[in-house]
Amino acid sequence: MEWYSILSGLIGGVSIWEGIKFIIFRKHARAKESAGVMDATAGTLKSYGQIIDKQAERINKLTETTLDLSSEILKLKGTQEQAKYVISENERKIKGMQALFSIEVGKKKAAERLICFVENCTVRKPKLGTYKTETKEYEH
């Protein structure tokens, strides 16, 4: 029986020790478990940080490209406005020349109706080779 009491005492002592160890080191065991979770979380956060840094670089590049394109658009709009101005000036000049041309054509037609085609006519007005327009000629 002696072996039995030694063995039961030993088993009881180990059980009591494990119980005390479980109670005392319970927080330490949880801390180890959460440390593993924290390490995994830290790794995940680090990878997310790298992804965010890459995205920030891409956004910066896109912003620079957008600014460059905006300045080009503004330059082209200025050029377009200048071209519109030149076109409107040319249209204005063309209208003026068309008006002068119409006036001159009308005067020539009126003169042709009144011109005498007989070369030796004494009543001819204006004299042969002396007809000129009454207005100044258009100077460009």
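The side-chain contact (heavy atoms from CB on, under 4.5 Å) check on Q55 picks up I51, R58, with sequence neighbours excluded. Taking E89 as the reference, R92 meet the side chain to side chain donor-acceptor pair (under 3.5 Å) condition, with sequence neighbours excluded.
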Tell me which donor-acceptor pairs under 3.5 Å the side chains of residues 59-73 have, and how far apart each pair is, sequence neighbours excluded?
from, atom 1, to, atom 2, distance (Å)
N60, ND2, A56, O, 3.4
T63, OG1, I59, O, 2.7
T65, OG1, K61, O, 2.9
T66, OG1, L62, O, 2.7
S70, OG, T66, O, 2.9
S71, OG, D68, O, 2.7

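Going from atom CG of L100 over to atom NZ of K95 covers 14.5 Å, rounded to the nearest 0.5 Å. Taken to the nearest 0.5 Å, the CD atom of E91 stands 12.0 Å off from the NZ atom of K84. In this structure, the separation between CG on N90 and OH on Y85 is 10.5 Å, given to the nearest 0.5 Å.
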